[in-house]
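Side-chain atoms are counted along with the backbone in the values below, which use heavy atoms only and exclude waters and symmetry mates.
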Amino acid sequence: MKKRLPSLSLSSYGAGWSANRRIAIAASAVAVLLAVAGIVALLTGGGNGHQAPGTAAPTPSGSSPSSSEAAPKPSSGSGSVSQPPQIAEPVAYDKAAAQMLWSYDTRDTSRDQQLAGMRAWMTTETKYADWASVSGQVPDPVLWSRMADQDQHATASVTEGHYPSAFKQALADDPSAITEAYIYVVTVNGQLQIAWTKGGGGAEERAVTLAVQCRPNHDCTLAAIAPSVTQ
């Protein structure tokens, strides 16, 4: 296979869920879930979860993206980033979200547009929204520019999505724990097809664990990206 160019990755650019968001979640509806060792490991990234395969090349030194980067104004548009679907089921929504997060096209989408498009998927409840874990997946401006110079783009396909066993067990132990924030944890697996100029390209497997908010009688929204994958 030809030498890979740096690509947008859900695992190599994220710095993990920010501490204040973890505290907010732990202090609210998922406090009971966090008492279960598997969920603590999931939310802190310190457990036996594995990193997603097929990570991209590291961000060039001195150009790391800011974990608190604000989303561009809606007026910047969202380029080729798909719009959030009207789905009220956690696994189905997270599968769509993973496909959106893995896909990109530097030929017609600027970095600001990529961020704006991703931001549209987020919950508006700031207490639970960890935007830093999502925006941190987008390469810094220098790397995005280099990718654009090569017309790099990627199309994702999702093979399956499921609730991690630790989350299911915690929920079974105390079903009422989820009824305040309605935050669900879902792991999604899939594949990414990457291409660039002069016939360059490749494929890689992807996996990600997401937190999604699905309140009753409301469409789901994205809350955060976990720092490691838990099956």
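Asp174 and Ser176 form a side-chain donor-acceptor contact under 3.5 Å, judged by distance and modelled atom types alone. Looking at Gln150 and Thr197, their side chains do bring a donor and an acceptor atom within 3.5 Å of each other. For the residue pair Gln213 and His218, no side-chain donor N or O sits within less than 3.5 Å of a side-chain acceptor on the partner.
Although no hydrogens or angles enter the test, the distance criterion places a donor-acceptor pair under 3.5 Å between the side chain of Gln137 and the main chain of Ser133. A donor-acceptor pair under 3.5 Å is formed between the side chain of Thr109 and the backbone N or O of Ser80. The main-chain N or O of Ser82 is found under 3.5 Å from a side-chain atom of Trp121 such that the two form a donor-acceptor pair. The backbone N or O of Pro141 lies less than 3.5 Å from no partner atom in the side chain of Ser145, so there is not a single donor-acceptor pair. Judged purely by atom type and a 3.5 angstrom limit, Gln114 has no side-chain atom pairing as donor or acceptor with the backbone of Val81. Using a distance-only test at 3.5 Å, with no hydrogens or angles considered, a donor-acceptor pair links the side chain of Thr159 to the main chain of Asn189. Side-chain atoms of Ser103 never come within 3.5 Å of backbone atoms of Met100 as a donor-acceptor pair (strictly under, hydrogens ignored).
Closest approach of Glu205 to Gly190, counting heavy atoms only: OE1-O, 3.3 Å. Nearest heavy atom pair, residue Ala156 against residue Gln99, reads O-NE2, 2.9 Å. In terms of heavy atoms, Ala120 sits closest to Pro84 at O-CG, 3.6 Å. Of all heavy-atom pairs spanning Tyr128 and Glu180, the tightest one is OH-OE2, 4.0 Å.
The stretch residues 95-109 participates, sequence neighbours left out, in these salt bridge (charged side-chain N to carboxylate O under 4.0 Å, His left out) pairs: Asp105-Arg107.
Residue Tyr104 forms a side chain to side chain donor-acceptor pair (under 3.5 Å) with just one option from His153, Arg111, Gln152, and that option is Gln152.
Judged as a side chain to side chain contact (heavy atoms under 4.5 Å, CB included), and not counting sequence neighbours, the contacts of Ala148 are Thr106. Legend: residues meeting side chain to side chain contact (heavy atoms under 4.5 Å, CB included) with Gln193, ordered by chain and number and at least two apart, are Gln191, Ala203.
Note that OH of Tyr93 and CG of Leu210 are 10.0 Å apart. Values are rounded to the nearest 0.5 Å.
Ile183 is not listed as a side-chain neighbour of Val212, based on a closest heavy-atom distance of 4.5 Å or more. Taking 4.5 Å as the limit, every side-chain heavy atom of Leu115 sits out of range of all side-chain heavy atoms of Gln113.
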